[in-house]
Amino acid sequence: MEFTVSKADLVRELNLSQGVVEKKTTIPILSNVLLEASGDRLSLTATDLELGIRCASPTKVKSAGAGTIPAKKLLDYVRLLPDGEVNFKFSDNHWATITCGRSRTRIAGMSRESYPELPQMPAPLAQLPIGLLSSMIAKAIFAISAEESRFTLNGALLVLAENAVTLVSTDGHRLAMVECDNPLGNAASYRALLPRKAMAELLKLGSDAEDKSAPVDFAGDDNHLFFQLGSRLLISRKLTGNFPDYERVLPKAHSHSVEVDREEFRAAIERVSQFADERSRAIKVRFADNEATIHSSLSESGESEESLAVEYGGPTVEIGFNAQYLLEFLRAVPEAKVAFHFKDAQSAGELTPSGEGVDYKYRYVVMPMRI
């Protein structure tokens with residue numbers, strides 16, 4: 001196999017493979033990227049058996065073929081080459097000779113025969129704009145559980161309806177639910193558990209996409225989920241098991257609601273939480289007489305308190321929260337105002353975007369802490 005490819009194109013596609021390639025694998029070939037040259041394109045494939053990505057780049061192919069090279073080593077080297085065209089030539093012993101300008105390097109590869117086959121994508125079930133999908137993921141990914149033992153919570157529930165898409169994540173202490181109208185419509189009803197790692201790779205695809213309205217073809221079979229964006233295909237193994245009945249967790253009503261300036265609220269919590277316990281991150285939020293007060297204290301290092309002017313005339317209510325949980329929502333939501341809904345010190349609080357022009361539903365429920 002021999003081909004010539006632009007350095008910039010190759011680096012861009014190799015970058016996308018890095019989050020998928022297995023770093024500490026007991027199967028050496030999973031550390032490699034599969035390169036397949038034919039016609040006028042180079043196809044790159046990476047997988048860790050749970051997640052796979054296939055992308056393509058325009059290429060001048062002198063002789064078609066396939067081979068595998070260590071993915072990280074290849075990216076680290078090619079990135080350092082001068083801009084221009086890079087020539088690859090694979091020999092029968094699977095070594096690749098890389099030539100660029102006056103640079104010539106040989107890298108040991110492995111046979112294409114031992115590289116795992118990725119499943120074929122079935123007929124699409126829906127189309128979603130990549131900008132919409134990645135913005136929904138950004139609002140839900142942080143609420144996914146990091147505990148490996150709770151594997152059904154190691155991803156988010158994706159629910160498709162005819163003209164809407166919903167994403168729900170929880171770690172048992174908080175729950176994020178994002179629901180948006182799908183401007184492309186015509187989706188089949190579908191539910192699946194999308195792993196966190198796949199969500200992180202979709203975020204990368206979204207940030208790399210120049211056209212945020214570009215459609216992602218979504219499909220699913222018994223074991224896998226497929227996301228096709230142009231020449232890039234992301235394949236993820238589904239999480240198995242039952243996601244909690246999230247609709248039972250969502251509060252039906254709140255006794256009190258307060259609107260706050262998102263940036264002011266975030267900055268105040270960031271400062272006050274410097275004096276919160278490092279493990280619990282516990283702070284107290286008190287609402288009383290047109291004022292919201294945020295307080296934390298550590299007996300050995302100090303205490304901090306800030307107050308914000310709000311419109312509130314109800315009874316004094318003080319609730320303990322994990323500061324990090326509140327901050328992650330406040331950093332993810334773009335609106336200038338957010339509404340804080342609450343009942344009492346023992347009940348879950350809820351945060352939602354507020355103000356005019358909010359054309360989606362975003363509910364973030366946080367369990368209170370005893371301090």
Side-chain angles (χ1 to χ4, degrees), residues 1-121 197-198 201 204-205 208 224 226-237:
M1 175 171 72
E2 185 175 357
F3 60 87
T4 302
V5 62
S6 148
K7 175 213 166 175
D9 288 347
L10 185 59
V11 167
R12 188 174 65 247
E13 303 306 329
L14 282 172
N15 260 326
L16 290 171
S17 71
Q18 294 304 297
V20 176
V21 171
E22 191 56 65
K23 306 291 191 297
K24 302 171 185 170
T25 182
T26 52
I27 308 170
I29 196 143
L30 294 185
S31 298
N32 284 16
V33 61
L34 170 64
L35 304 175
E36 298 170 289
S38 66
D40 61 355
R41 56 191 270 141
L42 173 70
S43 176
L44 298 89
T45 305
T47 182
D48 63 0
L49 300 182
E50 294 295 317
L51 195 63
I53 191 164
R54 179 178 289 137
C55 35
S57 171
T59 306
K60 296 172 192 162
V61 179
K62 191 168 182 183
S63 59
T68 80
I69 306 180
K72 186 171 188 312
K73 178 71 75 182
L74 179 60
L75 176 61
D76 289 348
Y77 174 70
V78 174
R79 201 183 258 144
L80 298 172
L81 290 172
D83 289 339
E85 299 209 313
V86 186
N87 180 264
F88 284 75
K89 186 171 184 178
F90 282 72
S91 57
D92 292 339
N93 65 358
H94 313 304
W95 281 67
T97 301
I98 303 172
T99 312
C100 178
R102 302 179 73 171
S103 302
R104 186 173 179 276
T105 299
R106 294 177 72 234
I107 300 182
M110 295 174 76
S111 165
R112 185 256 180 277
E113 273 62 54
S114 48
Y115 202 84
E117 287 290 337
L118 295 187
Q120 290 299 310
M121 179 173 175
K197 193 172 177 183
E201 293 309 309
K204 269 202 224 168
L205 286 176
D208 194 63
H224 297 90
F226 302 81
F227 299 87
Q228 174 97 45
L229 176 65
S231 62
R232 295 166 176 171
L233 173 65
L234 184 76
I235 303 169
S236 171
R237 206 175 265 279

Examine distances only and state if a side-chain atom of Thr59 and a backbone atom of Val61 form a donor-acceptor pair shorter than 3.5 Å. no
How would you list, by chain and number, every residue that makes a side chain to side chain donor-acceptor pair (under 3.5 Å) with Thr4, sequence neighbours excluded? Asn87
Taking only residues two or more places apart in sequence, or in another chain, which ones meet Glu85 in a side chain to side chain donor-acceptor pair (under 3.5 Å)? Lys60
Salt bridge (charged side-chain N to carboxylate O under 4.0 Å, His left out) involving Arg79 - partner list, sequence neighbours excluded: Asp76
Do Lys7 and Val11 have side chains that approach each other closer than 4.5 Å (heavy atoms only, starting at C-beta)? yes
Selection residues 38-48 - residue pairs positive for salt bridge (charged side-chain N to carboxylate O under 4.0 Å, His left out), sequence neighbours left out: Asp48-Lys197
All side chain to side chain donor-acceptor pair (under 3.5 Å) counterparts of Asp92, not counting sequence neighbours: none
In the structure I gave you, are the side-chain heavy atoms of Met121 and Gln228 within less than 4.5 Å of one another anywhere? yes
Please report the shortest heavy-atom distance between Ser57 and Asp9, naming the atom on each side. OG-CB, 3.3 Å
Is any side-chain heavy atom of His224 less than 4.5 Å from a side-chain heavy atom of Phe226? yes
Quick test of your reading: applying side chain to side chain donor-acceptor pair (under 3.5 Å), list the pairs with at least one residue in residues 111-121, sequence neighbours left out, ordered by first then second residue. Glu36-Arg112, Ser111-Glu113, Arg112-Glu117
Distance, nearest 0.5 Å, that separates CG of Leu74 from CD1 of Ile107: 5.5 Å
Would you sort out whether Arg237 and Leu51 count as a side-chain contact (heavy atoms from CB on, under 4.5 Å), showing the intermediate values? CA-CA 6 Å; Arg237 206 175 265 279; Leu51 195 63; over 6 Å; no
Applying side chain to side chain donor-acceptor pair (under 3.5 Å), name anything that partners Ser236, two or more places apart in sequence or on another chain. none
Counting neighbours of NZ on Lys72 that are heavy atoms of other residues, nucleotides or ligands and sit closer than 6.0 Å, is the number greater than 12? no
Show me the side-chain donor-acceptor pairs of residues 93-106 shorter than 3.5 Å, one per line, residues at least two apart or across chains.
from: Asn93; atom 1: OD1; to: Ser91; atom 2: OG; distance (Å): 2.5
from: Asn93; atom 1: OD1; to: Trp95; atom 2: N; distance (Å): 3.2
from: Thr105; atom 1: OG1; to: Tyr77; atom 2: OH; distance (Å): 2.7

With a 4.5 Å heavy-atom cut-off, do Thr45 and Thr68 have their side chains touching? no
Please identify each residue that fulfils side chain to side chain contact (heavy atoms under 4.5 Å, CB included) with Pro116, with sequence neighbours left out. Ile29, Leu30, Thr47, Leu49
Could you note down all residue pairs passing salt bridge (charged side-chain N to carboxylate O under 4.0 Å, His left out) where residues 226-236 supplies at least one of them, sequence neighbours left out? Glu13-Arg232, Asp208-Arg232
Which pairs, with at least one residue in residues 3-40 and sequence neighbours excluded, count as a ring pair (Phe, Tyr, Trp, His ring centres under 6.0 Å)? Phe3-Phe88
By ring pair (Phe, Tyr, Trp, His ring centres under 6.0 Å), which residues pair with Phe90, not counting sequence neighbours? none
Which pair of non-hydrogen atoms, one from Ala66 and one from Leu34, has the smallest distance, and what is that distance? CB-CD1, 4.4 Å
Minimal heavy-atom distance between Arg54 and Ser43, with the atoms involved, is CG-OG, 3.6 Å
In short, Ala71 meets Gln18 closest at the heavy-atom pair O-NE2, 3.5 Å
Min side-chain heavy-atom separation Ser17-Leu44 under 4.5 Å: no
Here the gap from Leu205 atom CG to Cys55 atom SG, rounded to the nearest 0.5 Å, amounts to 8.5 Å
At their closest point, which heavy atom of Ile235 faces which heavy atom of Pro119, and how far apart are they? CD1-O, 3.6 Å
